[in-house]
Amino acid sequence: MSDAYQPDGMDPSVPKLEVRDVTVRFAGLVALDAVGFTVEPGSVHAVIGPNGAGKSTCFNVLSGVYRATSGSVRFGDAELTALPPHRIAALGMARTFQNIALSPRLSVRDNLMLGRHRLTRAGFVSAGLRLPSARREAARHTERVEEIAAFVGLTPQLAMPVGLLPYGVQKRVELARALCMEPRLLMLDEPVAGMNGGERREMAELIIAVRESLGISILLVEHDMGMVMRLADAVTVLDFGRRIADGPPEAVQNDPEVIRAYLGATSETEEATP
Amino acid sequence: MTTFLELLVNGISIGAVYALIALGFVIIFKATEVVNFAHASLLLVGGFIVAKTHESVGFWLALLLGLAGAAAVGALIEFAVIRRANVISHSILAIVTIGVDIVLTTELTRQIGTEVLALGDPWGSEVLHLGAVNIPLARIAALVTASLVIALFLLAFKYTNWGVAMRATAEDAETAALMGVRRGRVSMGAWAVAGALAALAALFMCIFPTPGLDRTVTATAMKAFPAAILGGLDSTTGALAGGLIIGVTESLVGGYQSELVFLGRGLGDVAPFLVMIIILLIRPAGLFGTRELARV
Amino acid sequence: MSRSTILWSAALAAAALVIPFYLDASWLQDGLFAMAAAIGAIGLNLLTGATGQLSMGHAFFLAVGAFGYVYFASEPQEGGAHALGGLGLPTPLAAVLAVLLAGVAGGLFSPIAARLKGAYLGIATLALIFIGQFAMTNATPVTGGHNGRPVPPMELFGFVFADTPEAPLVIAGVPFGALERLWFLGAILLLGAGLFARGVLRGRPGRAMNTIRDHEIAAGVMGVPVSRYRAGVFVLSSMYGGLAGVLVALVFQQTVPDYFGLLLALAYLAMIIIGGLGSVAGAVIGAVFVSMLPRLLTRYSDALPLIVQPGQEGVGAAEAAQILYGLAVVVVVLFLPGGLLGLITQLRLRTGRPLPAAAPKHSLTPTPETRN
């Protein structure tokens, strides 16, 4: 794959993500209406809005889970709207899920190793025959996975089945799995939903640490306004599938239309635990 | 031409019977998201009860007993097995119905043994002559009854409380439950209704021109599976269309067997499955099925 | 590998070595069928247990393997309407080709296997059983029709896996006939099939398969080409089915089309559920359970209530076995989610191990050398 993530010396740069006029219709219902924004390289960009505003739909279009009815999404030179999810992943875009989407019976280590899928090559034959190449590859990537687990604070749980871990820890496994893809753009879908105050703080610190140590772009969907204002360099506000504001957090916060959209929707800041 | 007409009418009649089975299969799927591989054995339960009781209580009462018996077994499977199987994966729920199927089918075919049991229906082997076209009365009875039952069922599905509750559950089980729909009752009802529909289908599958109920009936009933999936597992319209397509295909291929012999013997049995595969290649969700939209 | 695993493996290997010297032919035959079933069940467990794709058509691939081997290995026979075709290839080559043929058959089905998921695929694969029966009754020059055809014995480097009355092989006072010889072939094939599947399951493909089963969308987003994987696993499981078919043919010495029907396909599903979904050991345990059950019930029918001797009115051993494993499927799903294997591991896992201490956090650098 020519568009795969390049190793050192080639092109480790982080490209821009440009979303232009993306519209999504489901059976006559308009979920996204000509939405556009740009995620600048290395920035933290938040997408916010009341429930049903189209944030998740937007994420699903960007990661190839849904097909956009019209519009374009460009990541560097690649046009994403026509690609299946695994090809988008191959470009270095990783995401987490709002509702946990891990394999509960697999250990944390195996869940994280799945994140290495696009970076590894072993197929049925080499894995089945335990060829030296497959074993070396597995050892090398296990090492990196353990580094990432340590960074996210999951070392003690590496051997445990994910299903046995508390919710907050599973959320961190989600983040770690996405990091294991060595992404150039990290998309976080409500990373602190359902967490308590302490866990939220830890997650926020973690996101800051990711940004500082890796320098990748982060696209964030979040209800927790305090967290968005603290972390984001730019904010896009959606309401009923339309973009109603876009800009730096302070500007957006005082935008009258945003205030109107959030009036009566104050309870949205506390999402229910799934 | 008359052969063609005869085959077509026969095919539609058989198709209507397949539609009865497929309809039950689809409503179980809609209500409980279970692909019920024990469906053929429900049919066997109904047919077996009719065959064993009609001599002592008369045909109509026996039929009623058969319908009630199959409905009860259906409800029991839901209550004793499906509801208790606390698994996330629908594949595993499907496999558990395979376990139920193995038990029921083995025991009932053992009871039947090598016998061919008559069901004591009033239509016998009479044949209706419409001009040059000859159609067995039993086939007409099948067509008329199946059409009536299907129409009634669809009306009930649309307008009664039970139907609304069922469709709401199929749409969004959690919300329906919050709205006061009792999920257990809905799914048990679906299984019972599906059982009764299967028993009715058993009757029409085992009367003239079929000699009676024997151990091969479950293999015949298997053809309702392609009927259900080619129409779309979550579509009642699909079940009807699928049933008719399978019935007509089987009848025509079987009827013109001598012309088609170069393709091999027993083509009528395999044709429904070939049709299913062709349709699935073009439309993986079936003719009327909806592609589920992932919620993540 | 833990110490107990090594001990277990050593004990099993020793048992496999010793058994042919002590058990009589009929037990050996059942044991061989259990080995063949275990190979087939491992394949089905890769597909259904590990990837979540239901297949009701596994028996079809056994048939492809069995008849493929017979056709490739047999010399053609003249005989008018009863003429039998054959390529007369060396038997090891015929066996390899038969397994590949089963894989090709699985590949031909892959447009469907790749696009349908879970129970939907289950219904679609039902077609394979009916198509298989149709093909087997019509392709009489290949299959020999209803009565099947004899199976040429395997011959490896001049060593024949058959009874050789003219040159009897006696080891330690025990005459080594077809079954004793096949026993070791079967054990080696099973070992190889099991190790290969374990490698797949524990490696990169296994993680992708498990994630497709648990969360298809997450798998795609993590970079797994979901459809391609589904098709690939289907082909692999078909090849396991084909290998099981070859072994069944060699043990049976006659292949009969009726054997490869729906009941066999359902028995395979029962095996993996009862033994434990998604693992090699589970498939093997389930295969032994389901294959040996009729045998045990027949053997002890006089001592068991409700079961009659062959030929009498009542529940025969074969039927009782079927009902029992049907019930076992239901019971396992309701009460033993991990199957028999899960039960065993639970019994062994009574002692919890302490967790290692927490490591320092919040320092990560991109390491280019591991990125590709």
Side-chain angles (χ1 to χ4, degrees), chain A residues 4-9 12 63-65 84-86 88-90 94-95 97 101-106 110-111 113-124 126-130 134 137-138 140-141 143-144 147-148 150-153 155-157 177 179 181-182 205-206 209-210 213-214, chain C residues 46 50 192-193 195-229 232-233 235-236 239 277-279 337-338 342 353-372:
Chain A
Y5 200 24
Q6 300 299 329
D8 52 332
S63 54
V65 177
H86 68 270
I88 292 176
R95 71 168 281 189
F97 293 85
L102 301 162
S103 285
R105 277 172 287 170
L106 295 191
D110 278 337
N111 269 287
M113 279 298 274
L114 182 80
R116 308 303 288 183
H117 191 89
R118 75 177 189 94
L119 305 167
T120 45
R121 289 290 161 267
F124 287 111
S126 54
L129 297 176
R130 297 173 171 76
E137 181 184 83
R140 198 151 43 96
H141 286 270
E143 221 171 89
R144 175 65 171 165
E147 266 174 54
I148 291 171
F151 169 69
V152 181
T155 304
Q157 290 92 352
R177 182 174 70 172
L179 286 178
M181 294 172 73
E182 307 289 353
E205 279 169 30
L206 202 51
V210 167
S213 44
L214 298 181
Chain C
L46 290 173
L195 286 176
F196 187 91
R198 234 164 91 119
V200 168
L201 285 172
R202 297 195 169 178
R204 176 173 176 266
R207 287 186 292 268
M209 287 152 62
N210 282 321
T211 313
I212 291 173
R213 172 195 66 199
D214 294 333
H215 207 296
E216 183 193 339
I217 293 168
V221 166
M222 291 294 134
V224 179
V226 173
S227 299
R228 211 186 309 157
Y229 253 88
V233 177
V235 169
L236 182 62
M239 291 170 75
L277 282 172
S279 69
R353 255 171 275 153
L355 296 168
K361 52 181 194 175
H362 287 199
S363 59
L364 185 71
T365 46
T367 55
E369 64 275 12
T370 58
R371 281 183 165 192
N372 221 342

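Scope of the values below: all heavy atoms of this structure, side chains included, with no hydrogens, waters or symmetry mates. Computed from a prediction, not measured in an experiment: that's the story for all the values here. First the proteins, then the strands, lettered A, B, ... as listed; each starts at 1.
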J.: Tell me the closest heavy-atom pair linking Ala218(C) and Ala101(A), and the distance in Å.
T.: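 Closest pair (atom of Ala218(C), atom of Ala101(A), distance): CB-O, 3.5 Å.
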J.: Which atom pair, heavy atoms only, marks the closest approach of Phe124(A) to Val233(C)?
T.: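 In this case the closest contact between Phe124(A) and Val233(C) is CZ-CG2, 3.6 Å.
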J.: Could you give the distance from CZ (Arg116(A)) to CZ (Arg204(C)), rounded to the nearest 0.5 Å?
T.: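 If we round to the nearest 0.5 Å, Arg116(A):CZ and Arg204(C):CZ are 11.5 Å apart.
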J.: Rounded to the nearest 0.5 Å, how far does OG1 of Thr211(C) lie from CG of Asn111(A)?
T.: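 Going from CG on Asn111(A) over to OG1 on Thr211(C), the span is 6.5 Å.
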J.: At a heavy-atom separation under 4.5 Å, does Arg213(C) approach chain A through its side chain, its backbone, both, or neither?
T.: side chain
J.: Taking Ala138(A), Pro85(A), Ser126(A), Ala122(A) one by one, which has the highest count of heavy-atom pairs under 4.5 Å against chain C?
T.: Ala122(A)
J.: Where does Ala208(C) contact chain A at under 4.5 Å (heavy atoms): side chain, backbone, both or neither?
T.: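 Both parts, backbone and side chain.
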J.: Nearest heavy-atom pair of Asp110(A) and Arg207(C): which atoms, and what distance?
T.: O-CD, 3.2 Å
J.: Would you say the ring centers of Tyr229(C) and His117(A) fall short of 6.0 Å from each other?
T.: yes
J.: In Å, rounded to the nearest 0.5 Å, how long is the span from CG of Asp214(C) to CG of Leu106(A)?
T.: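 The CG atom of Leu106(A) is 6.5 Å from CG of Asp214(C), to the nearest 0.5 Å.
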J.: In Å and rounded to the nearest 0.5 Å, what is the OG to CE distance from Ser63(A) to Met222(C)?
T.: 9.5 Å
J.: Flag the one option from Ser227(C), Gly220(C), Gly203(C), Gly278(C) with the top tally of heavy-atom pairs under 4.5 Å to chain A.
T.: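 Among Ser227(C), Gly220(C), Gly203(C), Gly278(C), the one with the most close pairs to chain A is Gly220(C).
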J.: Does any non-hydrogen side-chain atom of Arg118(A) lie less than 4.5 Å from one of Val224(C)?
T.: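 Heavy-atom side-chain distance check fails, nothing below 4.5 Å.
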J.: For atom CZ of Arg202(C), decide whether the heavy atoms of other residues, nucleotides or ligands shown that lie under 6.0 angstrom number more than 12.
T.: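 Open: at most 12 neighbouring heavy atoms sit under 6.0 Å from CZ of Arg202(C).
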J.: At a heavy-atom distance under 4.5 Å, which candidate from Ala134(A), Gly64(A), Gly128(A), Ala89(A) has the highest pair count against chain C?
T.: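 Between Ala134(A), Gly64(A), Gly128(A), Ala89(A), the count favours Gly128(A).
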J.: If I measure from the heavy atoms of chain A, does Leu195(C) come under 4.5 Å with its side chain, its backbone, both, or neither?
T.: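 For Leu195(C), heavy atoms of backbone and side chain both lie under 4.5 Å from chain A.
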